[in-house]
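Input: a single structure, listed below in structure tokens.
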Amino acid sequence: MSETIEFQAEARQLLQLMIHSIYSDKDVFLRELISNGSDALDKLRLASYQDKDLEVDTSDLRIELEQDAEARTLVVRDNGIGMTRDEVVELIGTIAKSGTAEMLAQMKDAQDENAEDLIGQFGIGFYSSFMVADKVEMVTRKAGSDEGVHWESTGEGTYTLEPVADAPQGTAITLHLKPEDAEDSLHDYAQPETVRRIVKRYSDFITWPIRLVTDGDAPEEPINSRKALWARPKSEVTDQELTEFYRHVSHDWQEPLETMRLSGEGTFEYQGLLFLPAHAPMDLFMREARRGVQLYVKRVFVMDDCEALVPEYLRFVKGVVDAADLSLNVSREILQQDRQIQAIRKRLVRKVLQTISALQENEPETYRTFWTELGRAFKEGLLTDPDNQQAILGASAFPSTHSPDENTTLKAYKERMPEGQESIYYLTGASRASIENSPHIEAFRAKGFEVLLLTDQVDEVWTDAVSEFDGTPMASIAKGDVDLGGDEDKPEGFDDLLTWMGTELADDVKEVRLSTRLTSSPACLVGDPGDLSPTLEKMYRAMGQEPPVTKRILELNPGHALVSGLRDKQGAGDADPDVARLLYGMALLAEGGELKEPTTFVNTLAERLQKTL
Ligand SMILES: Nc1ncnc2c1ncn2[C@@H]1O[C@H](COP(=O)(O)OP(=O)(O)OP(=O)(O)O)[C@@H](O)[C@H]1O
């Protein structure tokens, strides 16, 4: 019995995009279908190793391409794992990929070229068939199951499903090709030469044989060379091959930013081919973000997304690790404990850090792309990977008061440190504009001390965990005691004022003291080392958690007329508590903070101003 089912809304939108395709390189549909076929063969081989009861013939696993010039069809067939009816509905009828909704929203606003770019970042997989076909049929049968299913759609909102009794195991996708349209770079995919060329270009490294099926003749030789790229010497692999391999493992449609090779001999033998992407994956900051490294054992695919091999902060690294001495039956849990995997992971992390460091040193443009796209994730390692903290710091870049638009490395920062500066100073906050103008920075600027301006959310967190870089302490200029006063004498005669203000403002601050960090502002607020910063407090609230109450320290500028005037008044027993409260409110506003009771503040201010008229 046949049933008609609606595509999920997001899937429908994506299909529309494919049908009215804005993607200029239509040939890539074949790469996508072959990539899926290859994955299906990997899964079947693995299942047959792991499940001895699964009765499947794995002696001739392959991908076939069958063309019919008259009927204008192209069939892409694999004898891999196949899909059940429910899997077809779930995997083909819906898009579970995270970031879909965001991407579709962006697409709506994007110009055509940008939309193409978005597709390129996202990857569309199976749906790309609709760029070249006006109808697509699929017959699939899951390994181990008796019943197959026939799927069919024109991509217009619905698809039909029908059980098939005698389907061969695996998946066959029949494309009813659109007419050739050279202007729209829609080639004649019913021609063997076209298909041969595309396979050579995009899928040559696929380790399974890809064969053309021609009428009745003996099976042809595979049209791909089938060499596992990671096992071939570097000199034999072209950039084009690396790019296509990257696309296969990453599902990215763009070129990788950088390629890395890994190999180990001796106790543990392994090889790896890893990539840095040129843009942040859509799911980089989503909870279910996947890690991009696949595990192979002696050329046999074992798992995607092998979290045991890659720490979370490097989740954007894509590629393959092939280990020689693991069992094919390993589970994810066992992997975490495996000594070999732990050793490879260590090497992998080191390799990635070295690569990023080398980019930073030698290829500033490439490094800039890396940093803009992936730096925020990378910095998480400062907190989560203490063993490599120094290397991560060294490979990072930060905005600073040195330049309005160029980031600095900590090494360059240190080289610029003037005589007398003992720490690397930084300030965290919500935006560059707000922290650049915050009073804390005044005296540092006056002294010519550079300050790092850290505005990413993650900066609020790692800064507490990092105490030094290469022997130089790192210090927040909004926390702790700073002594920028040099050898000058401490201003005297303020003690009573400080005690009085401390009492007046006891509900809001834990201490009132004199400051050496201010030159033009009367007051600022600082925390103790380890205190939550105001931005961090806000982040807690945004996550629905009530942070512990943190009172801060009010620092006064003894050189400011308002402060010295208040001291004199207080000395004469004539100080107005409202002025203390206004000073506190001003300090809060100056750093971009929020007043607890803005109305009271404004009323008090208006009243005082009135007296001056
Ligand atoms: N030939 C096939 N054999 C078995 N399963 C398949 C086959 N083709 C697709 N699938 C299943 O359908 C899912 C969706 O495929 P699709 O090509 O849309 O996305 P994808 O390959 O997961 O990712 P991407 O869109 O980034 O390429 C696959 O993950 C796979 O589980």
Side-chain angles (χ1 to χ4, degrees), residues 1-12 14-16 18-19 29-44 47 54-58 60-96 124-178 189-190 195 208 210-213 215:
M1 193 191 61
S2 149
E3 45 183 339
T4 300
I5 303 181
E6 266 188 36
F7 283 103
Q8 165 220 35
E10 279 99 330
R12 215 157 47 223
L14 280 181
L15 278 165
Q16 279 304 309
M18 287 297 106
I19 291 170
F29 81 93
L30 192 55
R31 167 187 86 198
E32 297 297 310
L33 295 183
I34 289 176
S35 192
N36 284 349
S38 167
D39 291 347
L41 293 167
D42 285 339
K43 285 179 197 161
L44 180 73
L54 186 66
E55 279 184 24
V56 283
D57 177 8
T58 55
D60 183 24
L61 298 180
R62 65 188 185 271
I63 294 167
E64 287 176 343
L65 305 173
E66 185 171 347
Q67 294 160 303
D68 184 332
E70 238 163 75
R72 290 205 49 73
T73 55
L74 168 66
V75 182
V76 181
R77 184 183 299 122
D78 65 69
N79 52 354
I81 191 85
M83 285 175 272
T84 63
R85 177 218 171 265
D86 291 351
E87 282 172 338
V88 172
V89 172
E90 193 187 309
L91 299 169
I92 305 292
T94 63
I95 306 218
I124 299 290
F126 173 75
Y127 286 1
S128 60
S129 331
F130 287 96
M131 298 197 296
V132 301
D134 39 32
K135 187 169 86 179
V136 178
E137 286 179 82
M138 174 165 68
V139 174
T140 182
R141 180 167 66 81
K142 178 96 174 185
S145 147
D146 297 334
E147 193 170 84
V149 60
H150 174 268
W151 178 100
E152 181 176 320
S153 179
T154 57
E156 299 280 359
T158 61
Y159 57 89
T160 59
L161 280 182
E162 207 167 354
V164 185
D166 52 357
Q169 172 212 305
T171 304
I173 292 162
T174 304
L175 306 176
H176 296 267
L177 297 166
K178 290 184 186 174
Y189 305 106
V195 163
W208 302 106
I210 304 172
R211 294 206 179 92
L212 286 181
V213 181
D215 309 328

Original post:
Once you round to the nearest 0.5 Å, how far does CZ of Arg62 lie from OG of Ser38?
Top reply: 14.5 Å

Original post:
Can you find a heavy atom in the side chain of Leu74 that is under 4.5 Å from one in the side chain of Leu30?
Top reply: yes

Original post:
Which heavy atom in Ala133 sits nearest to a heavy atom in Leu175, and how many Å separate them?
Top reply: CB-CB, 3.9 Å

**OP:** Can you run down the side chain to side chain donor-acceptor pair (under 3.5 Å) pairs that involve residues 143-157, sequence neighbours left out, and say none if there aren't any?
**Re:** Gln16-Glu156, Glu137-His150

Subject >> Atom pair CD1 (Ile34) and CH2 (Trp208), whose distance is rounded to the nearest 0.5 Å >> reply: 15.0 Å

Subject >> Point-to-point distance, once rounded to the nearest 0.5 Å, from CG of Leu91 to CG of Asp86 >> reply: 10.0 Å

Subject >> Side chains of Glu3 and Arg85 in contact at under 4.5 Å (non-hydrogen atoms) >> reply: yes

Original post:
At what distance, to the nearest 0.5 angstrom, does CG of Leu33 lie from CZ of Phe126?
Top reply: 7.0 Å

Original post:
Any idea which heavy atoms bring Thr73 and Leu177 closest together, and the distance?
Top reply: C-CD1, 4.2 Å

Original post:
Taking the side chain from Arg72 and the backbone from Lys178, do they hold a donor-acceptor pair closer than 3.5 Å?
Top reply: yes

**OP:** Please name the pair of heavy atoms, one in Ala190 and one in Ala69, separated by the smallest distance, quoted to 0.1 Å.
**Re:** CB-CA, 3.9 Å

**OP:** Please answer whether the main-chain N or O of Glu90 pairs with a side-chain N or O of Thr94 as donor and acceptor at a distance below 3.5 Å.
**Re:** yes

Subject >> Shortest non-hydrogen contact from Glu87 toward Gly82 >> reply: OE1-O, 4.1 Å

Subject >> Partner of Tyr127 by side-chain contact (heavy atoms from CB on, under 4.5 Å), out of Val136, Ile19, Leu15 >> reply: Leu15

Original post:
Nearest heavy-atom pair of Gly37 and Ile63: which atoms, and what distance?
Top reply: C-CD1, 4.0 Å

**OP:** Starting at CZ of Arg141, measure out to OG1 of Thr84 and round the result to the nearest 0.5 Å.
**Re:** 12.5 Å

**OP:** For residues Asp78 and Ala40, report the shortest heavy-atom separation together with the two atoms involved.
**Re:** OD1-CB, 4.0 Å

Original post:
Any side-chain heavy atom of Leu212 within less than 4.5 Å of one from Gln67?
Top reply: yes

Original post:
Would you say Gln8's side chain and Ile95's backbone share a donor-acceptor pair under 3.5 angstrom?
Top reply: yes

Subject >> Check: Arg12 side chain, Phe7 main-chain N or O, donor-acceptor pair, under 3.5 Å >> reply: yes

Side chains of residues 162-173: which donor-acceptor partners sit under 3.5 Å, not counting sequence neighbours?
from   : atom 1 : to     : atom 2 : distance (Å)
Gln169 : NE2    : Asn79  : O      : 3.3
Gln169 : NE2    : Gly80  : O      : 2.9
Thr171 : OG1    : Thr140 : OG1    : 3.0

